[in-house]
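Contents: one structure, followed by commentary.
First the proteins, then the strands, lettered A, B, ... as listed; each starts at 1.
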Amino acid sequence: MSAELYEAIYTLVRQIPRGNVSTYGAISKVLAINPRVVGYALHRNPSAEKTPCHRVVFKDGQLSPGYVFGGEDVQRAQLKKEGICFSKKGKVIDKYFWENTFNDGILS
DNA sequence: CCGTTGACCAGGC
DNA sequence: GGCCTGGCCAACG
């Protein structure tokens with residue numbers, strides 16, 4: 001099967017715990033690819049239920065401008081429902097960033 | 001097959 | 001802190 005790259009990305013996104021967020025850069029680094037590919041994969045995201053793409057944000061904590069499931073406002077609502085707070089600029093606070101990264105679970 | 005685009009990031013001003 | 005440029009890789013027309 002092709003598109004294994006996307007499968008890997010989706011798998012990693014699913015590993016993000018509830019109440020936490022991750023960044024495109026982290027995923028891209030783990031898979032040794034460019035952040036652009038990660039964004040592309042999430043844009044082609046099959047389903048929000050299958051892949052919580054709303055938990056993936058920019059390095060700055062900014063939300064995705066082209067969130068397929070409704071937009072930034074919807075994504076913000078989703079994160080808020082997870083118990084995440086935002087700064088006055090509408091960005092996710094750094095403390096909610098999943099610092100454990102995927103490396104911890106992948107490396108032995 | 002080549003040119004353009006894209007849910008990015010880092011560096012410079 | 002904000003704006004612009006370069007780079008990187010994959011998919012689309």
(request) Rounded to the nearest 0.5 Å, what's the gap from CG on A:Leu12 to CD on A:Glu7? Could you check? (result) 11.0 Å
(message) Tell me the closest heavy-atom pair linking A:Lys80 and A:Phe86, and the distance in Å.
(response) CG-CE1, 3.6 Å
N/O to N/O distances under 3.5 Å, protein versus nucleotides 4-8 of chain C:
| residue | atom | partner | partner atom | Å |
| --- | --- | --- | --- | --- |
| C:dC8 | O4' | A:Asn34 | ND2 | 3.4 |
| C:dC8 | N1 | A:Asn34 | ND2 | 3.4 |
| C:dC8 | O2 | A:Asn34 | ND2 | 3.2 |

(message) Distance check needed: B:dA7 C1' versus A:Arg76 CZ, whole Å only.
(response) 16 Å
(request) Evaluate the side-chain proximity of A:Gln78 to A:Gln75: yes if any heavy-atom separation is below 4.5 Å, no if none is. (result) no
(request) Report the stems of DNA chain C as range-with-range entries sorted by first number; a stem here is at least three consecutive pairs, Watson-Crick or G-U wobble, both distances under 3.5 Å, and write none if there are none. (result) B:2-6 with C:9-13, B:8-13 with C:2-7
(message) Rounded at 0.5 Å granularity, tell me how far OG1 in A:Thr11 sits from OH in A:Tyr6.
(response) 14.5 Å
(message) Using whole Å, what does the distance between atom C1' of nucleotide C:dC9 and atom CD1 of A:Ile27 come to?
(response) 16 Å
(request) Taking all heavy atoms of A:Ala48 and all of A:Phe69, pick out the closest pair and write down the distance. (result) N-CZ, 3.4 Å
(request) Could you say whether A:Ala32 or A:Lys91 is positioned toward the 5' end of DNA chain C, judged by the nucleotide with the nearest heavy atom to each? (result) A:Lys91
(message) Measure CZ/A:Phe58 against P/C:dG2 and give the value in whole Å, please.
(response) 14 Å
(message) I need the residues from residues 37-44 of chain A with at least one non-hydrogen atom less than 4.0 Å from DNA chain C; give them sorted by number, or say none.
(response) A:Val37, A:Tyr40
(request) Give the cluster check for A:Leu31 versus A:Trp98: same hydrophobic cluster or not, with ILVMFWY residues linked at side-chain heavy-atom distances below 4.5 Å. (result) yes
(message) Show every side-chain hydrogen bond (donor to acceptor under 3.5 Å, both in side chains) that has at least one partner inside residues 46-73 of chain A, sequence neighbours left out.
(response) A:Tyr24-A:Ser64, A:Arg55-A:Glu82
(request) Provide, to the nearest angstrom, the distance between the CD1 atom belonging to A:Ile33 and the P atom belonging to B:dA7. (result) 15 Å
(message) Minimum heavy-atom separation for A:Val38 and A:Ile33, please, with both atom names.
(response) CG2-CD1, 3.9 Å
(message) Let's see if you get this right: which residues in residues 64-73 of chain A place a heavy atom under 4.0 Å from DNA chain B?
(response) A:Ser64, A:Gly66, A:Tyr67, A:Val68
(request) Measure the distance from CG on A:Leu31 to P on C:dC9 and round it to the nearest whole Å. (result) 14 Å
(request) Could I get the full list of side chain to side chain contact (heavy atoms under 4.5 Å, CB included) partners for A:Lys95, not counting sequence neighbours? (result) A:Ile93
(message) Rounded to whole Å, how long is the line connecting atom OH of A:Tyr6 with atom P of C:dC9?
(response) 15 Å
(message) In this structure, how many angstroms lie between the C1' atom of C:dA10 and the OH atom of A:Tyr24, rounded?
(response) 16 Å
(request) Please report the closest heavy-atom contact between A:Cys53 and A:Leu42, naming both atoms and the distance. (result) CB-CD2, 4.0 Å
(message) If I compare all heavy atoms of A:Ser28 with all of A:Pro35, which pair ends up nearest, and what's the gap?
(response) CB-N, 3.5 Å
(message) Quick check on side-chain contact (heavy atoms from CB on, under 4.5 Å): which of A:Leu63, A:Ile9, A:Asn45, A:Ile16 does A:Val56 satisfy it with?
(response) A:Ile16
(request) Please say which of A:Asn20, A:Val21, A:Val74 ends up in a side-chain contact (heavy atoms from CB on, under 4.5 Å) with A:Leu79. (result) A:Val21
(message) Using side-chain heavy atoms (C-beta onward) and a distance below 4.5 Å, is A:Phe97 in contact with A:Ser22?
(response) no
(request) Enumerate the residues from residues 81-89 of chain A whose closest heavy atom to DNA chain B is under 4.0 Å, giving them by residue number; use none for an empty result. (result) none
(message) What is the separation between atom CD on A:Gln62 and atom C1' on C:dG2, rounded to the nearest whole Å?
(response) 12 Å
(request) Not counting sequence neighbours, list each pair that qualifies as a ring pair (Phe, Tyr, Trp, His ring centres under 6.0 Å) and has a residue in residues 25-52 of chain A. (result) none
(message) Donor-acceptor check, side chain of A:Tyr10 to backbone of A:Ala41, threshold 3.5 angstrom: yes or no?
(response) yes
